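Data block below; observations after.
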Amino acid sequence: MSLHTQYLESFLRSQFYMLRMDGPLPLPHRHYIAIMAAARHQCSYLINMHVDEFLKTGGIAEWLNGLEYVPQRLKNLNEINKLLAHRPWLITKEHIQKLVKTGENNWSLPELVHAVVLLAHYHALASFVFGSGINPERDPEISNGFRLISVNNFCVCDLANDNNIENASLTGNNFGIVDSLSELEALMDRMKRLREEREDEEASQEEMTTRFEKEKKESLFVVSGDTFHSFPHSDFEDDMIITSDVSRYIEDPGFGYEDFARRGEEHLPTFRAQDYTWENHGFSLVNRLYSDIGHLLDEKFRMVYNLTYNTMATHEDVDTTTLRRALFNYVHCMFGIRYDDYDYGEVNQLLERSLKVYIKTVTCYPERTTKRMYDSYWRQFKHSEKVHVNLLLMEARMQAELLYALRAITRHLT
Amino acid sequence: GPGTHCVDWGTYRASLQGLTDRKTTDPMEKMSRVTTALGGSALTGRTMHCHLDAPANAISVCRDAAQVVVAGRSIFKIYAIEDEQFVEKLNLRVGRKPSLNLSCADVVWHQMDENLLATAATNGVVVTWNLGRPSRNKQDQLFTEHKRTVNKVCFHPTEAHVLLSGSQDGFMKCFDLRRKDSVSTFSGEAPEAGRAGGEVRWVHHRPPDTFPESTKRVGEDQLGKGQSESVRDVQFSIRDYFTFASTFENGNVQLWDIRRPDRCERMFTAHNGPVFCCDWHPEDRGWLATGGRDKMVKVWDMTTHRAKEVHCVQTIASVARVKWRPECRHHLATCSMMVDHNIYVWDVRRPFVPAAMFEEHRDVTTGIAWRHPHDPSFLLSGSKDSTLCQHLFRDASQPVERANPEGLCYGLFGDLAFAAKESLVATESGRKPYAGDRRHPIFFKRKLDPAEPFVGLASSALSVFEIEPGSGSMSWFVDTAERYALAGRPLAELCDHNAKVARELGRNQVAQTWTMLRIIYCSPGLASATSLNHSVGKGSSCGLPLMNSFNLKDMAPGLGSETRLDRSKGDTRSDTVLLDSSATLITNEDNEETEGSDVPADYLLGDVEGEEEELYLLDPEHAHPEEPEYVLPQEAFPLRHEIVDTPPGPEHLQDKADSPHVSGSEADAASLAPVDSSFSLISISHALYDTRLPPDFFSALVCDMLRFYAEQGDVQMAVSVLIVLGERVRKDIDEQTQEHWYTSYIDLLQRFCLWNVSNQVVKLSTSRAISCLNQASTTLHVNCSHCKRPMSSRGWVCDRCHRCASMCAVCHHVVKGLFVWCQGCSHGGHLQHIMKWLEGSSHCPAGCGHLCEYS
């Protein structure tokens, strides 16, 4: 993230605020919630970090033995953690009601909002961590698996000597370049065309709706088609076993992302972005219940949405707005959030298949991300630009989760 | 077109006719019709609502005041406002396939032409509608120039063909309806950065080695490009033909001349966060009201050189719409986007209490409109709860009526100011209650301005009571608060300790009360209970009765016996714990947990036969109800604050009993000495008085006593006893009273800066509302003295104006710590510097000539 200092600053500020500053939840609880959230994606890097923090802030070591050892109150959060991580659209006001209902283990609304913000933050951060390849290698021999912070080599070189590596690879294999250069040119061409053509071509409304549906449906095939090639099924199961030490923080580990579109039945309506936006609704609610975090998140979302260097790989002075918007909206699309004012045809034109696979994996099953996926898209682009993509994905995901959770809370309140 | 109009007038007249009939027959009806003379015509109606099929996003009224259009994501209809009801007149959503062009974010009805409407669609299309079209589809023109959602459309108030739109993409467009596309486009980006082009660019200067090139690029491009901000509202000025105002997501408001699209005339930051709405004053030329996400409505005077904030109303939720009330110069109506469903009408000169409140809606109100531009009594509103309402001003609830008209405040030196209605004070002052306490009652009377609207309410009198030096000393309160022990020791000890404290402070009655409490609750036992249990214990050797008999030991000191019993019933394991430990074990366990009581366990056992006096004083069991060991965190680390789960008592004991090592040892003991229980039983009962009454007998009396103290003003006593006795009396006093006592006591404690004590009280309270107090944020933002925005990062320098907010008038450096300032001239500085300065001079160090006072 240090490649994007402006963003880093606002990221750190909000993270610091939600972990260390005034808030309704006690410090060790915050870290434990972070652990729970990261565990949903088996992100041992984050878990390790927060296990340390948890103990340092005075958390009870026994809790680390798993969910059975924590107070019922924290355990109750599990359900919402699970939904939020994988299928946030399923969160209803009933879930909220169950948590805040007066009783022995109830949550107050400020506490709940704090917890939700933490959960969303860490789900999204797990996406970023896997997307950027920051994950310690799992060592099955060490049973507790928490102590090693040996970082996977690919990320180290990637992030540390960004440009050198890039140059090396550029000079190294010549034949790839021609290919990817033309790829890049084509992409820029498409962006340009999109900007110019907007006035000429006016898609009918049905067309727009179908485009959204198509994108939604297509996102379904994107991974189910591709990942199963790169990951034989047995691999996943191995994964499950190896990371069983992580799964102690979660229940129902089999619960995963299910395509928004796949559920076929149209019971669950598309989330209309205009009806519940972060700027108008989410912010007010968050800020009311957990003061100041709204401003910090607001700043962060704005920052990431507007961050640009106007470059694309080797080209300068490029307006990347359309591209960034396509990335952001594509993530929201996978979570069933639709923007009326967006033509989802753009997604199709701008985001190539390998990128879509990458996006889907990073946002929905981050634990399955591989270096191959990371490398396979946008071969011309700098690593800093790919990190930029990761940032966009992370924030888009966080916002999507927050929107669903906050909408449920709003409904509970009214 | 004309046809529709005629029909309307028909019904209109008819309703007028109906009204006159109605009035004579039913004059007392609450929701009576109101007739307002408006230059020959009149409006009639009542408070009413009708159900829509879908949530509304916006409403707009036809200029004839007889029709209203409602628009939303899946609704677009025109309703006639009749006398008794809304009647659906026209559904503009025609066609089989729902189109996004019909998903309206905003709607506006032309104020010159009854046939002309415009809608803003969420997909960025601006549509105009001509009701005069003969076909079923009234759609007229389609403008697809905006790239993002259009938030607002607005017709020119006097020009028939001019339409303005503001969109999420940061552009405002002006359309001439006679042409196919926009006449001019206004860009919302900041004029300096955006138009400076290549000349003015910011470069971040960082050490070049840390971040190679990317950093530089960020600074340059972001600012050079000038991000266009989303437009939230656009409004033509009613008075100035060429002027319109636009509000932005970043808090800015811009003023434009319609003829000059290249740059805005004026720009200023009005709110922190998005400005959702604005409205020009219908009469005052320069007044613009803006409402923002920061929960404020501000009224700006635009006639002056710099936009000047003339009024500010603080609401409780983000402000989604604001509309000036016709014919009432200082009134405006607001509604909120989140959480709050009510519509408020404010008098901007009285920004704290809304003048009127409409509470009809069950979900957020999305659109409000005054029915007629010259009638202040009818307000229409649409809501997400799918209803359309007409509110009558006379039916509104008035929060002022519910407000407490008296005010009371302490001054820095203990002076007391009291403001109340004049009539009330007049009778009061005739009575002269405490001649001694009231040395110089000073009376102020506010001079009334007959032009002001609240004359009736505002005629209040303020009296100030000065404190007589020495007389009102509250040192006893402070001493008591600091020295009382509220928890952490057995009840008897607490009572004794507190009695001693009270006695030393010369408060004998209080001391006596504590002693009596000890006698009531800490005597060795209850005759009745003992004999009962004794016999039962003998009758059966195990199970419930036995356990009961053991509980005797608990009951003896008079705990809430039911809870104990329940607990033991619930878990047999804990029964055994209680059972066998009669000898030594339970006392041992308790001793370990009870802080401050380190009595050897054997000692206790020995005493059972000996002096019973000692037994109940030392028996740690007695301390249980205070549950010091449960309240304090068991872990060795300091929690920032505990999670307020539940009253922690019973559950914890359960946990204890369940946790393996405790129950293990307990179980052993039980098997070893099964007879112990009966043994101790007998011995105890032998030692007891047979004539004692159970503490429950006194509880009513104790509660009365607490109320007595509270009413006397000694809420300290009430709360202290409440905490010390815990479960024993808590159930007998209703929650609200307890809460009230707690808040008053905490308030008092904080007034005397007894933060630690107040925190302890908060912690020990079992009331949810009270223990929540500890969870509130303790951050306090200081606002910048220049731009009046909170300074979030550091307390002394404003990020926005890049100025240091508080400079010391003596040394001219920034004050980062304590800042002291004169309330007369508002100059100040470092505490030490000011103190020093004022020792030598009585004039303000800033040289303003004010004679500052420092005390």
Side-chain angles (χ1 to χ4, degrees), chain A residues 2-6 13 21-29 57-60 71 73 102-106 108 110-111 162-163 198-199 202 204-206 208-209 272-275 279-281 283-285 287-288 291-292 295 298 306-311 319 339-342 384 410 413-414, chain B residues 55 73 97-101 103 105 121-124 144-150 168-169 206 211-212 214-215 217-219 221-222 225 227 230 249 273-274 276 293 317-318 320 337-339 341 362-364 385 635 637-646 651 768 772 775 777-779 792:
Chain A
S2 63
L3 294 171
H4 304 272
T5 41
Q6 278 190 320
R13 206 178 302 146
M21 298 290 277
D22 267 335
L25 291 172
L27 293 181
H29 283 225
T57 49
I60 304 166
R73 213 167 82 100
T102 35
E104 284 198 12
N105 299 306
N106 70 335
S108 72
E111 287 169 328
D162 175 28
N163 293 321
R198 187 175 295 279
E199 283 91 44
E202 189 39 55
S204 71
Q205 295 316 303
E206 301 88 73
M208 299 286 259
T209 316
R272 297 304 191 117
Q274 268 81 0
D275 288 350
E279 286 82 12
N280 296 359
H281 306 94
F283 171 87
S284 302
L285 185 69
N287 228 30
R288 164 176 293 253
S291 60
D292 292 345
H295 289 291
D298 202 32
N306 293 329
L307 188 70
T308 179
Y309 309 103
N310 297 321
T311 57
D319 183 3
Y339 289 85
D340 285 349
D341 54 1
Y342 188 67
S384 72
T410 309
L413 286 173
T414 49
Chain B
R73 171 169 291 284
K97 290 189 205 106
S99 157
L100 274 182
N101 289 348
S103 156
T122 48
N123 64 349
T144 53
E145 294 185 26
H146 284 296
K147 293 195 195 105
R148 306 279 311 267
T149 300
V150 177
Q168 199 75 18
D169 61 13
R206 298 263 169 108
F211 304 111
S214 50
T215 326
R217 250 185 273 130
V218 173
D221 297 331
Q222 272 227 325
K225 196 73 193 166
Q227 287 299 325
S230 303
E249 202 135 271
F276 286 139
R293 192 173 69 180
S318 60
M337 199 169 268
M338 277 289 290
V339 189
H341 310 161
R362 300 273 72 90
D363 201 340
V364 285
D385 66 3
E635 303 77 31
F637 62 86
L639 275 173
R640 261 167 58 111
H641 30 61
E642 290 137 37
I643 342 137
V644 235
D645 274 318
T646 34
E651 186 193 83
R768 248 199 112 65
C772 269
Q775 296 187 334
S777 164
T778 51
T779 310
S792 41

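In what follows, every chain begins at residue 1, and chains take the letters A, B, ... in the order their sequences are listed. Predicted, not measured: the structure shown is a model, and the values here were computed from it.
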salt_bridge(B:Lys147, A:Asp341) N-O dist < 4.0 Å: no

Interchain contact, [X] with chain A, by part (heavy-atom threshold 4.5 Å):
X        : value
B:Arg148 : both
B:Thr122 : both
B:Ala121 : neither

From CA spacing to verdict: side-chain contact (heavy atoms from CB on, under 4.5 Å), A:Asp340, B:Arg73: CA-CA 10 Å; A:Asp340 285 349; B:Arg73 171 169 291 284; 2.9 Å; yes

Partner chain A: residue of B:Val339, B:Asp363, B:Asp385, B:Val364 with the largest heavy-atom pair count (under 4.5 Å): B:Val339

B:Met338 versus A:Leu285, closest heavy-atom pair with distance: CE-CB, 3.6 Å

What's the shortest heavy-atom distance between B:Phe276 and A:Glu279, and which atoms? CZ-O, 4.1 Å

Taking atom OH of A:Tyr339 and atom OG1 of B:Thr149, what is their separation to the nearest 0.5 Å? 9.5 Å

Derivation of the side-chain contact (heavy atoms from CB on, under 4.5 Å) call for A:Ser284 and B:Met337: CA-CA 9 Å; A:Ser284 302; B:Met337 199 169 268; over 6 Å; no

A:Asp298, part contacting chain B, at a heavy-atom distance under 4.5 Å: side chain

